[in-house]
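As structure tokens, the structure follows; a few thoughts come after it.
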Amino acid sequence: MAPRSYYFRSTSGSVIGPITLNSVVELIREEKVKANTPISLDGKDFRPMKSFPELATLLSVDVDLEDSDDADEFFETPPTYSGDLIQVSMPKLMYHFTAAKASGRLLLTNRRIRKEVFLLNGKPVAVSSNQEKDRLSVHLLKNKVIDASTMKTLLAHLQGNEERLSDMLVQRRLIEPHKLFEHLKNQLLDNIYEVFTWRVGQYAFYDGQEHKGSLLPLNSNPWEIIANGVRTGY
């Protein structure tokens, strides 16, 4: 009987594996994976690592505890390079990526705030954030595009299905496609500009990692984005 192998899903959504049990033991020992790290036997059906009995016994945590933010980190591949924003500021980082026409994922963290900027040929094409205020729903409410009652109904409908808010807004004719694009663009830029205000934090760049969702083709000059970010943050 062949030895059991495992597959991990990284933060970028890519699948890593197969990995032997001995390798998993080493990852646990080095604290690179945790109880809630998504893992699979076939590379398709992913479950928290603590749900596998043979792995749960190896974890140095109480697997019966409720999920917490600290335990919800996913397996990370090593970054191409990383550092501290005190030493390399956001304007310098973006200048480097734009000049090099880099493509990949830029992870930015500041205490519990986590943002990911996906770049394609030096241009930002997608941004994700764990902050409530950075969501599209909050952006639309703040700009009075959708009223609070309607948004509450839409968000309730979205629970439990994979439909996106942006698609629902267009399908229900609550916003015209070209106007939605402008709001998505402004939301992305606001997410980026906020990081220019950070004076502390860490960065990690993963060369070649692509965004798994839809991309936003910005017509803005990336050098103008840097200039506006500097004006916003400094």
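Just so it is clear, the model here is predicted, and its values are computed rather than measured. Just so you know, these numbers use all the heavy atoms, side chains as well, and skip hydrogens, waters and symmetry mates. Numbers here simply count residues along the sequence, with the first being 1.
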Checklist entry - Under 4.5 Å between any side-chain heavy atoms of V117 and V195, yes or no? => result no

Next on the checklist: Please list all pairs meeting side-chain hydrogen bond (donor to acceptor under 3.5 Å, both in side chains) that have one or both residues in residues 221-234, counting only residues at least two apart or in different chains.
Outcome noted: Y193-N228, N228-R231

Checklist entry - Which distance, rounded to the nearest 0.5 Å, do you find between the CG of L41 and the OG of S5? => result 9.0 Å

Checklist outcome for this item: When every non-hydrogen atom of K133 is compared with those of V138, the smallest separation belongs to O-CG1, 3.7 Å

Checklist entry - Which pairs count as salt bridge (charged side-chain N to carboxylate O under 4.0 Å, His left out) when at least one residue sits in residues 87-103, sequence neighbours excluded? => result none

Next on the checklist: Tell me if a side-chain donor or acceptor on D147 pairs with a main-chain N or O of T150 at a distance below 3.5 Å.
Outcome noted: yes

Checklist entry - Y81 vs F97 aromatic rings, parallel, tilted or perpendicular, using cut-offs 30° and 60°? => result parallel

Item to check | Under 3.5 Å donor-acceptor, D42 side chain and K44 backbone | outcome: yes

Item to check | F205 and P79, any side-chain heavy atoms less than 4.5 Å apart | outcome: no

Next on the checklist: Taking side-chain hydrogen bond (donor to acceptor under 3.5 Å, both in side chains) as the definition, give me every residue that meets it alongside K115, ordered by chain and number, with sequence neighbours left out.
Outcome noted: D134, N191, E194

Checklist entry - Listed by chain and number, what are the salt bridge (Lys or Arg N to Asp or Glu O under 4.0 Å) partners of D167, not counting sequence neighbours? => result R164

Item to check | Residues which pass side-chain hydrogen bond (donor to acceptor under 3.5 Å, both in side chains) with S128, listed by chain and number, not counting sequence neighbours | outcome: E116

Next on the checklist: Treating R199 as the side-chain partner and F196 as the backbone partner, does any N or O pair qualify as donor plus acceptor under 3.5 Å?
Outcome noted: yes

Item to check | From L141 atom CG to K152 atom NZ, the distance as rounded to the nearest 0.5 Å | outcome: 12.5 Å

Item to check | Those residues that, when tested against R135, pass salt bridge (Lys or Arg N to Asp or Glu O under 4.0 Å) (two or more places apart) | outcome: E132

Next on the checklist: What's the separation between atom CD in Q202 and atom CD1 in I86, rounded to the nearest 0.5 Å?
Outcome noted: 8.0 Å

Checklist entry - Hey, what do you get for CD (Q171) to OG (S166), rounding to the nearest 0.5 Å? => result 9.0 Å

Checklist entry - Does L119 reach the side chain of S103, with side-chain heavy atoms less than 4.5 Å apart? => result no

Next on the checklist: When you measure from the side chain of T98 to the backbone of M94, do you find a donor-acceptor pair of N or O atoms at a distance under 3.5 Å?
Outcome noted: yes

Checklist entry - Nearest heavy-atom pair of V170 and L180: which atoms, and what distance? => result CG2-CD2, 3.5 Å

Checklist outcome for this item: Here the gap from Y203 atom OH to L85 atom CG, rounded to the nearest 0.5 Å, amounts to 8.0 Å

Item to check | CA sep, side-chain torsions, deciding dist, call: N186, H139, side-chain contact (heavy atoms from CB on, under 4.5 Å) | outcome: CA-CA 9 Å; N186 291 334; H139 174 84; 4.0 Å; yes

